[in-house]
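Okay, so here's the structure we're looking at.
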Amino acid sequence: MAEDSELWDVICDGPYGPIKKVRDPAVIVPKMRKEYNNADRKAVEKNFRAKKILVCDIGPDEYNRISACQSAKEIWEALQTAHEGTTQVKQSKIDMFTTEYELFRMKDDKSIQDMHT
């Protein structure tokens with residue numbers, strides 16, 4: 001991703017959500033937008049920029065798949081699953097192609113040229 005290496009981190013690792021600790025037995029809660037400092041704003045902006053880049057060139061079918069996603073990571077995972085399949089699907093395809101390759105033989109009535117074609 002030529003835009004910014006930190007954007008790729010947001011896509012892979014998920015967005016940063018500004019948090020704060022409250023009370024004596026430290027409880028972590030999300031910050032309100034009005035409580036954000038400059039670093040928080042920049043970190044949140046990275047997720048918006050990453051989402052924009054991912055959504056920019058997709059068609060209506062892909063947009064329907066990702067329209068409910070809240071983060072760039074969710075968008076990436078939805079697109080990845082739609083186009084590559086789940087880990088189980090990938091492994092099934094690998095197994096199928098391996099078996100097909102192993103069973104590949106030249107038939108007696110075919111020439112080498114036919115086989116190559």
Side-chain angles (χ1 to χ4, degrees):
M1 176 170 259
E3 181 76 18
D4 184 348
S5 64
E6 290 179 8
L7 293 181
W8 186 243
D9 293 338
V10 169
I11 291 169
C12 292
D13 302 332
Y16 163 78
I19 55 173
K20 65 180 178 178
K21 292 180 183 178
V22 293
R23 293 191 227 136
D24 199 1
V27 177
I28 298 173
V29 296
K31 285 184 182 179
M32 302 294 289
R33 277 182 106 57
K34 64 184 178 186
E35 297 174 313
Y36 288 4
N37 58 30
N38 286 339
D40 293 335
R41 283 187 187 84
K42 285 181 182 179
V44 170
E45 184 181 303
K46 293 279 184 194
N47 185 57
F48 290 121
R49 287 181 53 209
K51 283 174 58 174
K52 179 183 167 192
I53 288 170
L54 290 173
V55 173
C56 227
D57 285 326
I58 61 173
D61 292 337
E62 271 87 15
Y63 186 78
N64 289 337
R65 279 190 194 111
I66 58 127
S67 61
C69 297
Q70 297 296 314
S71 70
K73 180 180 176 81
E74 288 177 34
I75 292 172
W76 181 253
E77 288 172 350
L79 290 173
Q80 201 171 24
T81 300
H83 291 279
E84 295 180 6
T86 62
T87 305
Q88 268 185 319
V89 171
K90 288 180 198 176
Q91 190 58 49
S92 294
K93 286 180 181 179
I94 289 169
D95 293 343
M96 180 185 68
F97 290 134
T98 302
T99 303
E100 194 175 316
Y101 173 76
E102 289 170 349
L103 296 175
F104 185 70
R105 303 268 188 264
M106 187 169 97
K107 297 179 181 160
D108 292 335
D109 61 334
K110 298 289 183 181
S111 68
I112 293 177
Q113 184 62 36
D114 291 338
M115 175 109 170
H116 180 69
T117 303

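Every value quoted in this text rests on a predicted model; they were computed, and no experiment measured them.
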Hydrophobic cluster mates of V22, side-chain heavy atoms under 4.5 angstrom, ILVMFWY only, any path?
-> V27, V29
Just jot down the side-chain contact (heavy atoms from CB on, under 4.5 Å) partners of K21, sequence neighbours excluded, or say none.
-> A26, I28
How many angstroms lie between atom CZ of F104 and atom CZ of F97, to the nearest 0.5 angstrom?
-> 14.0 Å
What residues, two or more places apart in sequence or in another chain, satisfy side-chain hydrogen bond (donor to acceptor under 3.5 Å, both in side chains) together with D61?
-> none
If you draw a 6.0 Å radius around CG in D109, do more than 12 non-hydrogen atoms from other residues or ligands fall strictly inside?
-> yes
Does M32 have any side-chain contact (heavy atoms from CB on, under 4.5 Å) partners at least two apart in sequence or in another chain, and if so, which?
-> K34, E35
Could you tell me which residues satisfy salt bridge (Lys or Arg N to Asp or Glu O under 4.0 Å) with K52, sequence neighbours excluded, listed by chain and number?
-> none
For E77, which residues count as a side-chain contact (heavy atoms from CB on, under 4.5 Å) partner, sequence neighbours excluded?
-> K73
Crowding at CG, L103 (>12 non-hydrogen neighbours, <6.0 Å) = yes
Decide whether V44 and I11 are clustered together by the hydrophobic rule: side chain heavy atoms of Ile, Leu, Val, Met, Phe, Trp, Tyr closer than 4.5 Å, transitively.
-> no
Scanning both residues in full, the closest heavy-atom pair of C69 with I75 reads CB-CG1, 3.6 Å
The side-chain contact (heavy atoms from CB on, under 4.5 Å) partners of N64 (sequence neighbours excluded) come to none
List in chain and number order the residues that pass side-chain hydrogen bond (donor to acceptor under 3.5 Å, both in side chains) with S111, two or more places apart in sequence or in another chain; answer none if no residue qualifies.
-> D114
Interatomic spacing from CD in E100 to OG1 in T98 - rounded to 0.5 Å | 10.0 Å
Measure the spacing between CG of L79 and CG of L54 and express it to the nearest 0.5 Å.
-> 7.0 Å
Going through the checks in order, is the side chain to side chain contact (heavy atoms under 4.5 Å, CB included) test met by M96 and T99?
-> CA-CA 5 Å; M96 180 185 68; T99 303; 5.9 Å; no
Shortest non-hydrogen contact from V10 toward A72 | CG1-CB, 4.4 Å
With sequence neighbours excluded, residues passing salt bridge (Lys or Arg N to Asp or Glu O under 4.0 Å) with E62 = R65
Pairs touching residues 30-71 that satisfy ring pair (Phe, Tyr, Trp, His ring centres under 6.0 Å), sequence neighbours left out | none
Please, which pairs that meet side-chain hydrogen bond (donor to acceptor under 3.5 Å, both in side chains) have at least one residue in residues 39-48, sequence neighbours excluded?
-> D4-K46, E6-K46, Y16-D40, K31-D40
Side chains of Q91 and I94 in contact at under 4.5 Å (non-hydrogen atoms) | yes
For N38, which residues count as a side-chain hydrogen bond (donor to acceptor under 3.5 Å, both in side chains) partner, sequence neighbours excluded?
-> none
